[in-house]
Amino acid sequence: MASLQVENVVKRFGDFEALKGINLAAEDGEFLVLVGPSGCGKSTLLNMIAGLDSISGGKILIDGQVVNDVHPKDRDIAMVFQSYALYPNMTVAKNISFGLEMRKIDKAEREKRVRDVAGLLQIEGLLGRKPGQLSGGQRQRVAMGRALVRNPKIFLFDEPLSNLDAKLRVEMRTEIKKLHNRLGATIVYVTHDQIEAMTLASRIAVMQDGFLHQFDTPQEIYDHPANTFVAGFMGSPPMNLIPAKVAQNGSGLVAEVATEDQRTLHFQVTEPSEEISRRVGADVLIGLRPEAITDPDDREANAVIQEVECMVHVTEPTGPDTLAVMQLGGVEVVSRMRSSSRVRPNENAKFAVNLSKAVFFDSRTEQRI
Ligand code: ATP
């Protein structure tokens, strides 16, 4: 296995800059996920790591060696594509062993490796079939088998689950995670699905329009998004962004929030950063995850909680909990209540706002402060 470094990487297609100076790194055995909306440049970056796309600027290093000009087949990387790219006329066994044959690995060794990988992926019974005789999930396993059998330094996955139905996606996600736990392989995985990113990654790179917004652990990205784009993209429903004004309150700071019925709430800023302290009188956005606004009886212990009363506009039961939508600071705000909660539309309800979980963004730059 191997480490990977991406340093100031730029990609230009003619005049168009698809990647605008990307910096990230995967340590040996890390599961790195590149996530972002369509067109953000994640597949381009993966292709550059694989050597399938040229690099317009910057450096890519594998195990400390610059590979910018190293041919794809000499990078010791295996890629699993969205389309699986299986050979339709070959059996599963042949599909898996074909790359080894090309590398002149002898027959006995090839057969042993195919058996090992088939056992690992539980596809022993399918080795004699052709891809056309397999389900989507089975094809996915074969595509992974073809990568695994080579025992490469780094695995690259390009949206490998996007052709599967929702249930199978979740199952295969767990399989991939188990496989990673067992092999300890270095993986770079592309997806536009933020849940896949959160559940699989040791670190996530959140991208948009060729920019890397944040590169951190899933929990850090969830709790402390770098800006409002990350706050909105990661998490479902997304983080609430509530307009407020910073004000001095004795020796502390509060964020003033207007309610629908013309009251002003004063939310204590629990741990004011220097950046917020410099913004007394300025407009900010308070970032609160839906689960940070909940039933007063479900409040978190040892947290700074403020109770507020608001008119509920809509309730949406999801099964495990009920989302209640209200208005704060002139925007719709989603709270996550217990499913047993008695919130009703067009009635007032009490909410416990967990201010220890609040983060703040500059209204103008949209960066966390
Ligand atoms: P998706 O999730 O839709 O696959 P992505 O994040 O993987 O999107 P890329 O395929 O990496 O995005 O594309 C990034 C940007 O570069 C897009 O705006 C795309 O149109 C552009 N692009 C990609 N390949 C080329 C090319 N060969 N020539 C010109 N522009 C390209």
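Every number for a ligand or one of its atoms is a count from 1 in the order of the listing.
Near F16, the atoms of ligand 1 lying under 4.0 angstrom from a non-hydrogen atom of the residue are 15 (C), 16 (O), 18 (O), 21 (C). Using a 4.0 Å cut-off to heavy atoms of E159, the atoms of ligand 1 that qualify are 2 (O).
There is no protein heavy atom closer than 4.0 angstrom to atom 19 (C) of ligand 1.
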- Item | Intermediate values then yes/no, salt bridge (charged side-chain N to carboxylate O under 4.0 Å, His left out), R203 and E220 | CA-CA 9 Å; R203 279 191 291 173; E220 245 333 271; over 6 Å; no
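Looking at atom 9 (P) of ligand 1, its nearest protein heavy atom turns out to be T44 OG1, 3.5 Å. Of the protein's non-hydrogen atoms, the one nearest atom 3 (O) of ligand 1 is S38 OG, 2.6 Å. Protein heavy atom at the shortest distance from atom 2 (O) of ligand 1 is K42 NZ, 2.7 Å. In terms of protein heavy atoms, atom 17 (C) of ligand 1 is closest to G39 O, 3.8 Å. Regarding atom 22 (N) of ligand 1, its nearest protein heavy-atom neighbour is F13 CE1, 3.4 Å. Here the heavy atom of the protein found nearest to atom 4 (O) of ligand 1 is S43 OG, 3.7 Å.
Environment of NZ in K357: sparse, with no more than 12 heavy atoms of neighbouring residues, nucleotides or ligands closer than 6.0 Å. Atom CZ of R263 has more than 12 heavy atoms from other residues, nucleotides or ligands within 6.0 Å. The environment of Q65 atom CD is sparse: at most 12 non-hydrogen atoms of other residues, nucleotides or ligands sit within 6.0 angstrom. No more than 12 heavy atoms of other residues, nucleotides or ligands lie within 6.0 Å of CD in E271, so this atom counts as exposed by the packing criterion.
Checking side-chain atoms of R336 against main-chain N and O of P290 turns up no donor-acceptor pair under 3.5 Å.
Ligand 1 is never approached by G36 to a heavy-atom distance shorter than 4.0 Å.
Side chains of P37 and F233 form a contact here, defined as non-hydrogen atoms less than 4.5 Å apart.
By the 30° and 60° cut-offs, the orientation of the rings of Y189 relative to F31 is tilted.
Of the heavy atoms in M207, none comes closer than 4.0 Å to ligand 1. With a 4.0 Å cut-off on non-hydrogen atoms, H192 does not touch ligand 1 at all.
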